[in-house]
Amino acid sequence: MGCGWRNFGSDWIHIDGGDYEHLDFKSNLVDIPELEKETADLIYASHVIEYFDRNEVLEVLLEWRRILKPNGTLRLAVPNFEVLSNLYLKKQIKLDNVLGPLYGKMEMDGSFIYHKTTYDFYSLSVLLNSLGFEDIRLYDWRKTEHCQFDDHSQAYFPHMDKENGTLISLNVECNKREF
């Protein structure tokens with residue numbers, strides 16, 4: 001979901017609001033009628049849900065929950081507010097290096113969109129749990145099916161220093177609770 005220009009290959013269904021040749025569906029991510037109920041084993045969205053405010057994201061995640069199979073995995077990556085704040089407060093990172101990850105800026109359909117919120121592990125866990133997700137946990141991007149695709153789940157400071165830098169992406173996955 002929200003893959004943008006990244007093409008993960010034919011094993012993935014690519015859905016985004018932009019206009020990219022590799023997309024299977026163009027969607028606002030809130031309503032995806034092309035995907036039937038309980039058909040996906042995994043939904044992955046890297047640095048996407050922060051473009052929706054705290055009320056809008058409820059509809060987005062409920063739609064994604066509808067698409068997931070029982071016990072299916074929702075895997076999210078978002079800017080990590082706690083880590084970025086700590087780096088800033090310890091004077092290890094300048095404000096200019098925090099603005100991009102926290103506020104985002106991306107061109108879409110001739111205008112710019114910005115992040116509308118941010119998360120830490122606790123706030124994201126509370127949100128996911130309230131929407132019927134369980135076993136909420138951190139994941140290591142190195143141990144995923146998409147580790148070979150450099151996306152924002154692999155965001156580090158200093159930039160691209162994946163060996164010695166600090167991961168500034170909050171990578172969380174959970175499972176759809178069976179009611």
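Looking only at side-chain heavy atoms (C-beta outward), Asn71 and Glu178 come within less than 4.5 Å of each other. Thr118 is not listed as a side-chain neighbour of Ser123, based on a closest heavy-atom distance of 4.5 Å or more. Under the 4.5 Å side-chain criterion, counting only non-hydrogen atoms from C-beta, Trp12 is not in contact with Asp24. Side-chain contact check for Glu59 versus Phe52: every heavy-atom pair is 4.5 Å or farther apart. Within the 4.5 Å cutoff, no side-chain heavy atoms of Leu170 are placed close to those of Val83. With a 4.5 Å cut-off on side-chain heavy atoms, Thr144 and Glu173 do not count as touching. Residues Val172 and Leu138 are in side-chain contact: their nearest non-hydrogen atoms beyond the backbone lie under 4.5 Å apart.
Figure legend: cation-pi geometry between Arg54 and Tyr119, with NZ or CZ positioned under 6.0 Å from the six-membered ring centre and within 45° of its axis.
Taking the six-membered ring wherever Trp is involved, the centroid distance between the rings of Tyr51 and His115 falls below 6.0 Å.
Between the CG atom of Asn175 and the CD1 atom of Ile136 there is a distance of 9.5 Å, given to the nearest 0.5 Å. The CG atom of Leu127 sits 9.5 Å away from atom OG1 of Thr117, with the distance rounded to the nearest 0.5 Å. Of the inter-residue distances, the one linking Tyr139 atom OH with Thr73 atom OG1 reads 11.5 Å to the nearest 0.5 angstrom. The distance from the CG atom of Leu74 to the CG atom of Leu68 is 6.0 Å, given to the nearest 0.5 Å. Note that CG of Leu76 and CG of Leu124 are 6.0 Å apart. Values are rounded to the nearest 0.5 Å. Atom CD of residue Glu21 and atom CG of residue Asp19 lie 8.5 Å apart, to the nearest 0.5 angstrom.
In this structure, the side chain of Arg137 engages the main chain of Asp135 through a donor-acceptor pair within 3.5 Å. Side-chain atoms of Gln154 come within 3.5 Å of backbone N or O of Phe149 as a donor-acceptor pair. No donor-acceptor pair under 3.5 Å is formed between the side chain of Ser85 and the backbone N or O of Glu82. Between the His22 side chain and the Gly4 main chain, a donor and an acceptor come within less than 3.5 Å of each other. A donor-acceptor pair under 3.5 Å is absent between the side-chain atoms of Trp141 and the main chain of Asp150, judged by distance alone. In this structure, His47 contributes its side chain and His152 its backbone to a donor-acceptor pair below 3.5 Å. A distance-only check finds no donor-acceptor pair linking the side chain of Asp53 to the backbone of Lys116 [under 3.5 Å]. A donor-acceptor pair is defined here as one N or O able to donate and one able to accept, closer than 3.5 Å; such a pair exists between the side chain of Ser27 and the backbone of Asp31. In this structure, Lys176 contributes its side chain and Arg65 its backbone to a donor-acceptor pair below 3.5 Å. Put simply, the side chain of Asn80 never gets that close to the backbone of Ile168: no donor and acceptor are under 3.5 Å apart.
Taking hydrophobic clusters as Ile, Leu, Val, Met, Phe, Trp and Tyr residues chained together by side-chain heavy-atom distances below 4.5 Å, Tyr114 does not share a cluster with Val30. Hydrophobic cluster membership is shared by Leu61 and Ile13, with clusters built from Ile, Leu, Val, Met, Phe, Trp and Tyr side chains linked at under 4.5 angstrom. Residues Tyr103 and Leu87 share a single hydrophobic cluster, defined by chaining ILVMFWY side chains whose heavy atoms lie under 4.5 Å apart. Side-chain heavy atoms closer than 4.5 Å link hydrophobic residues (I, L, V, M, F, W, Y) into clusters, and following such links, even through other members, never connects Trp5 to Met106. Hydrophobic clustering of Ile, Leu, Val, Met, Phe, Trp and Tyr side chains at less than 4.5 Å, counting indirect connections, unites Leu89 with Phe157.
Residue Met1 comes nearest to Leu35 through the heavy atom pair CE-CD1, 4.3 Å, listed as atom of the first residue, atom of the second, then distance. Between Val48 and Gly2, the closest heavy-atom pair is CG2-O, 3.6 Å. The nearest pair of heavy atoms linking Ala155 to Leu167 is O-CD1, 3.2 Å. Asn171 and Ser153 make their closest contact through ND2-O, 3.0 Å (heavy atoms, listed as atom of the first residue, atom of the second, distance). The nearest pair of heavy atoms linking Ile93 to Tyr88 is CG2-N, 3.1 Å. The nearest pair of heavy atoms linking Arg177 to Glu134 is CG-OE1, 3.5 Å.
With a 6.0 Å radius and a threshold of 12 heavy atoms from other residues, nucleotides or ligands, Phe121 has its CZ atom above the threshold. Annotation for Gln148: atom CD counts as buried by contact number, over 12 foreign heavy atoms lying within 6.0 Å.
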### Task
Tell me, with the steps shown, if Thr166 and Asn86 meet side-chain contact (heavy atoms from CB on, under 4.5 Å).
CA-CA 11 Å; Thr166 301; Asn86 284 333; over 6 Å; no

### Query
Between Cys3 and Leu23, is a side-chain contact (heavy atoms from CB on, under 4.5 Å) present by the stated rule, with each step listed?
CA-CA 8 Å; Cys3 57; Leu23 294 183; 3.6 Å; yes

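Between His146 and Tyr44, the angle of the ring planes stays under 30°, which puts this pair in the parallel group of the 30/60° scheme.
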